[in-house]
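Scroll down for the structure; my scribbles are underneath it.
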Amino acid sequence: MRKNLGILGLLVAVFVLTAALEPNFLTAYNLQNTLRWTGLFGIISIGAAFVIITGGIDLSTGSVIALVGVLTPMMLVGAEWPLALVLLMVVALLLVLGLLHGILVTKLSLQPFVVTLCGLLFYRGLARWISGDQTQGFGAAFEGLRQLAIGRIVITDSFGLPIPFVVMVGLALIAGAVLNYTVWGRYMLALGHSEEAARYSGINTDRMIILAYIIAVMTAGLGGLLFALDVNSVQPAVHGNFYELYAIAAAVLGGCSLRGGEGSILGVVIGAAVLRLLYNAINILGISTQLEFAIIGAVILIGVIADEFVRRVTSSRQVHRAA
Amino acid sequence: MRKNLGILGLLVAVFVLTAALEPNFLTAYNLQNTLRWTGLFGIISIGAAFVIITGGIDLSTGSVIALVGVLTPMMLVGAEWPLALVLLMVVALLLVLGLLHGILVTKLSLQPFVVTLCGLLFYRGLARWISGDQTQGFGAAFEGLRQLAIGRIVITDSFGLPIPFVVMVGLALIAGAVLNYTVWGRYMLALGHSEEAARYSGINTDRMIILAYIIAVMTAGLGGLLFALDVNSVQPAVHGNFYELYAIAAAVLGGCSLRGGEGSILGVVIGAAVLRLLYNAINILGISTQLEFAIIGAVILIGVIADEFVRRVTSSRQVHRAA
Amino acid sequence: APGDESADRPLVGYVTNGIASFWTIAQQGAEDAADTLDVEVSVLMPPDGPAGQRRMVQDLLARGASGIAISPSDPANQAGLLSEIARSAHLITHDSDAPESERLVYVGMDNYEAGRMCGRLLKEALPGGGSVVLFIGLLGQLNADLRRQGVIDELMDRPSDSSRRDPVDEIIGNDRYTILDTRVDQFDFARAKGQAEDAMARYPDLDAMIGLFVYNPVQILEAVREAGKLDEITIVGFDEDEATLQGIRQGTIAGTIVQNPYRYGYESVRILAALARGDQSVIPESEFIDIPARSITSANVDEFEAELKLLIGQ
Amino acid sequence: MIPEPPGYAPAVSPAPFLEVHRLTKRFPGTLALSGVDLRVHPGEVIAVIGENGAGKSTLMKILAGVLAADEGAIELDGQAAQLASVRQATDLGIALIHQELSLLVNLSVAANLFLGREPNKAGWMDKSRMHTDSVRLLEKVGLNIDPGNPVSTLTIGQRQLVEVARALAMDARLLIMDEPTSSLSAQEVDTLFGVIGELKAKDVAVLYVSHRLTEVEAIADRVVVLRDGEVTGRLTGREIVRRKMVRCMVGRDIARTHTRMKRKPGEVVLNVDRLQYGVGRHSSLSFSIRAGEIVGLAGLVGSGRSTLLRTLFGIESRTGGTIWMNGQAVRPGSPQNAIAAGMGLVPEDRASQGILLNMETRPNISLGALHRHLIWKGWLNRPWERQASRTMISQLGIRGVRDGKLARLLSGGNQQKVVLGKWLLLAPKVLLLDEPTRGIDLAAKREIYQVIEELAGRGMAIMLASSEMEELLALAERVLVMHQWGMAGELAADELSEESIMHLATGHKARA
Ligand SMILES: Nc1ncnc2c1ncn2[C@@H]1O[C@H](COP(=O)(O)OP(=O)(O)OP(=O)(O)O)[C@@H](O)[C@H]1O
Ligand SMILES: Nc1ncnc2c1ncn2[C@@H]1O[C@H](COP(=O)(O)OP(=O)(O)OP(=O)(O)O)[C@@H](O)[C@H]1O
Ligand SMILES: [Mg+2]
Ligand SMILES: [Mg+2]
């Protein structure tokens, strides 16, 4: 918790500032939307965090999102296969992809950046080729299924919790528990610090790394399904472009070190929330979209710099206390 | 040299295969084009390699290319400033950006991935904002300057060496010399292996890292200028998107390890050539553009896997010889 | 609609389907209309297709926009989003239509028809027929697909049917014209240029190149000029990039099909402003405000440029 | 080669726990083990000794499942056993304490103690049990620290004790210790021997690797000597005396005591005036060293010796005071300033601070002095570099190593010599040595002592921080003793003895 104070402060600051400048920000409608987007991006960021914690990186997220987003409607609407079969096929595909990433990284000792960069290129090409570059969507059918992405759990008349957000919270709880209270989480943190030392401790590091890549691809796939259901219109060439960078940015903002071995799920979720909130703030304050990227870049930088200062101050204070 | 055999083999394989399948591939016109593109991408890849060798990464390349591509025509054509002044300003700007990256990475010990990711976002936003999202170009003026990008040094009637390729070769020679024959190159390699041990040996590691980031931004800027002169119309929102990934991919294909400490400039240049050759091959063989990404992803993967096998075989052969 | 309580300066939204210089001209029109009619306009250009549109529309609604003009990337699948707009604001479409939705009016042209016009331009410039390669930024977006199909159908002399789709990787031909390929560049100008070069390398006897997105004719022209094939290859294109117009003036480009993005922007905001103030009369019976595409060739290029300069106030 | 005598069986137990037959291991360019036989019975302590690079660590790693042997058979309890992974070896009851520290410094001590074997139910860790067990284990090895602290806050010595505790946690039947005491001072070594005694009583077998022959004399039931991958001697009981061990190791006698050369100290080179260091510590140190002097720095584990040296060298920031070199104040802030002023530091943590493991030997040796020998501007002088590394390799007796070999593949002792060579090339006026012979074999140690003496003879001032009492007594002309980051006192040549040093190091006031 203490480690996430910096990023939490940033979240509160952006929130309060936006609310003060634009009252419409606090409408139930807007808050719901922001929560829904936070849920969607939070899901993929949690998966990214696992890989980062083991000292790897996953650049394929955006392309996996595109691939799932193209395949699911093609199978459901185009080929009219039953839902259960389609889901089974998607899960099987994701498992294979995650396994592949993991095996290439461990057994062939290829660099994670390279393996997943190839994934980024390959799956995007695959999605474009399979669909013939045609936009895919569920049309007006599958309204029920689409509730998974656009539905909400009603709380008051006007406000409800969007389902993607609820899914994300559930996922975060599980992920947090795995990371902090199970041996597997401990193994991942350990091998993130030093794979060699972890292996010398008798940990099956390969298996844990493969597991992390599977988790990342699975959450990307889950995110991809929800994104597709939400947007309901998937352009194979652009859908999910750069999403891996958002996921990684959220994880890093949330305290994951790309050197591995460090990270908290709560932080990652807050990180994703900050990013989404920023997007929302820029649009709702009517700031030129041209500045969108610039502002987000600047805020991430400010966030990590602030974090670094907090760390330096607290660590020097600790020393003083110890003396 | 021996280390680059794998990637050289890949280059030859793609070359021979394409030439066999499509005779037009060997026309002077096509070879010139491929060389020009290789030059352009090679330039930015060499810069990326320096950062990678010190154990860092530069994700801002594409956005720096966009920023330079937008600013130069705006100052030259829009504001009608003299060429020398414009070049001076661009160089000064690039120096500042490189310095900034380096200082954030060293003095504030932020993660290179994060710093340059913020750069990626920020410079892109800046380019879009300054230009108001308007496409920028040199129009019909500056034909002379544009020869830097589209001109060639005539060799025979029909064939000439494109100037960007010549520039790249020059840059590669300098870079190779710096890396292998100067203390600075040695220091970069050393600190890429272990920054701490390098510092204990009395190396000013911060200064060397900053230098690497400056080199990366400068080559990205040079590349950006040439790209802008070449396409002569720069759309701020998309110009140079993903080019950092190509630069990194070329460096990695060429034998740079993202863990730092390893890399050869010759390899990087061959890596860039492989990527450009692939693009050319896909187009000239009339393969669907939708498959472009998939093919490139697959070939990079095959390249690094082959490389890994070559390494394993040669190292086990050494063992047998020793025994 | 709830937007009716006419505030002093109602807010209206103008959402594009991407970022392009084409859209900045439309932005000019939208902002001019907003100034004249005293409304506030927010022009939003999503960098990432439908997903970005959705996000931006929702933010507009949250800000209490009284009306939104949108160029839907993918109307068939965006029904939900469009009805979400229609529930709380006036919805109109521009540039690309969504006839099935509850939109009040469509401001724009018929992209399929524009594609056919482009085909006719080529037929005039290259009456004897020949081999053709198409260049386009992105497929899968309705107006892009329609444009491409229009060109193909015109060259193949087929009857009009905007629902037809020819696959990308097949050679299409009749006794006069052969369409060898469609190359997609994803808005990467450098790649667009490279693809034009590669097409010439692959087909040394190529007769014509058609650029379907605003920058395509420019990049084609660059590549053809550098290859020294200006006399051999006929170029036609879309939109009014300065370099394209210049090429037409110099005779290196045969012609281009221009839309009128300024009017798209202006008309959209004019209608939304009137609606915001309760004036329903701006909606014609046909629910279509036609801003027809025009063919620009060397015959009318100077006239057109003068007109354009006047509009964007240069 | 000397085979294991067939009839040998100690009185403790009739059946051996572990039997190794004709074990062979090759590395590129090296035959690390060649037909090694070994038999280990429950409850016996076998010391494995040998020069640097003899193959001791390789043998231990094979037994612990880290490396696979090329040839040979391993039997456990009389049955052929596969030791293909660390996990398998631990499950069969074999635990290894690595020579190079292998702790995860960002994780807590408790997490490290149980890494890979956390008490858990269906994957869920029992954190409270880990905590209480940790306290018990740390107590056993004499460490009084909170198991919740990250390992990064511990000194090298403390970390070594944590490694021992971790091995104890495994409840192994065979405990392998690869130089467990290389950073420990006499007090901690005593604690460790106590622990080993308890293990023996519980029928646990111990394989003990060390270069400190006094320790071997004190603890071993049997000794196995390796040289160039072959067993060259097996000693039992009364045979375990220093002279015999040395003879088996190096094939000749080496004098026990090092003969000190006569020198005349020169001018004061290094003068430290009221130095304050370590954020939040309140100590103020003043001392000076003359040219040609060898000054020892003694203290218990964690007394602040290493931090002091790092501060002098500019790695750690000082909070007050001045450091004078030849009458000029040294600018703080970076090692470059210290080097420019004429200092050099051979750091304590070889693997992360001393050597670039993935670089070849030659650039490692030349790294510090490169900039003094340029051809022009920044251009490397490669012929000089080649020459210099060759010279150092022969001068320091780095045996069997070509300068193209990756540093990682050198034995620990040879790595240490490479680091020393790097600083010798730079010829500093003041050389700070932090545990310079950690993990170095006897013969090499003598050679290094010789080098140090010669350097001092040529007028270099040397500050030697060491945990090894013998070393301090052999080399230092006077010794500064630290206690809890402060100077407890100074002992002149005639006051020097093990007792007097320990007296000060444990916090007693200097005798009047
Ligand atoms: N992975 C490796 N690859 C190549 N050679 C190696 C490797 N590991 C060890 N060696 C070599 O094998 C030999 C034995 O090394 P080992 O580490 O077993 O020696 P040691 O007896 O433990 O020495 P020390 O006392 O210095 O620790 C050395 O020559 C060393 O250079
Ligand atoms: N990075 C650190 N953060 C906090 N405390 C530290 C750190 N490094 C060392 N210490 C503490 O500083 C004290 C002295 O450490 P130092 O390494 O200087 O001792 P030392 O006398 O060299 O001991 P050793 O022989 O164990 O190396 C120890 O109590 C240790 O816990
Ligand atoms: Mg050893
Ligand atoms: Mg120490």
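In what follows, chains carry the letters A, B, and so on, assigned in the order in which the sequence lines appear, proteins first and then strands, with residues in each chain numbered from 1. Computation of the quantities below employed the complete heavy-atom set of this structure, encompassing side-chain atoms and omitting hydrogens, waters and symmetry-equivalent molecules.
The shortest side-chain heavy-atom distance between C/D188 and B/F242 does not fall under the 4.5 Å cut-off.
Heavy-atom distances place no part of C/Q27 under 4.5 Å from chain B, backbone and side chain included. If you measure heavy-atom distances from C/E222 to chain B, the contacts under 4.5 Å come from the side chain alone. Using a 4.5 Å cut-off between heavy atoms, B/R152 makes no contact with chain C at all. Proximity to chain C (any heavy atom under 4.5 Å) is shown, for B/Y279, by both the backbone and the side chain. Only the side chain of C/V168 comes within less than 4.5 Å of a heavy atom in chain B; its backbone stays farther off. Contacts of C/A190 with chain B are made by both backbone and side-chain atoms, with heavy-atom separations under 4.5 Å. Using a 4.5 Å cut-off between heavy atoms, B/F41 does not touch chain C at all. Neither the backbone nor the side chain of B/Q32 comes within contact range of chain C; no heavy atom of the residue lies under 4.5 Å from a heavy atom of that chain. In this structure, the portions of B/Q235 lying under 4.5 Å from any heavy atom of chain C include both its backbone and its side chain.
Taking every heavy atom of both residues into account, B/V238 and C/F187 meet most closely at CG2-O, 3.1 Å. Taking each heavy atom of B/T289 and C/T182 in turn, the nearest pair found is OG1-O, 4.0 Å. Shown here for B/L285 and C/R202, the closest heavy-atom pair between the two residues is O-NH2, 3.5 Å. Residues C/I19 and B/R128 approach most closely at CD1-NH2, 3.4 Å, considering heavy atoms. Here the closest heavy-atom approach between residue B/N24 and residue C/A201 is recorded as CB-O, 3.1 Å.
Between atom CD1 of residue B/I150 and atom NZ of residue C/K193 there is a gap of 6.0 Å, rounded to the nearest 0.5 Å. In this structure, CD1 in B/I282 is found 8.5 Å from CZ in C/R183, a value given to the nearest 0.5 Å. Rounding to the nearest 0.5 Å gives a distance of 6.0 Å between CG of B/D230 and CD of C/E226.
One N or O on the side chain of C/Q219 and one on the backbone of B/V231 form a donor-acceptor pair closer than 3.5 Å.
Highest contact tally toward chain B, considering only C/A227, C/A243, C/G18, C/A223, is held by C/A227 [criterion: heavy-atom pairs under 4.5 Å].
Residues B/N280 and C/D198 bring a donor and an acceptor atom of their side chains to less than 3.5 Å of each other.
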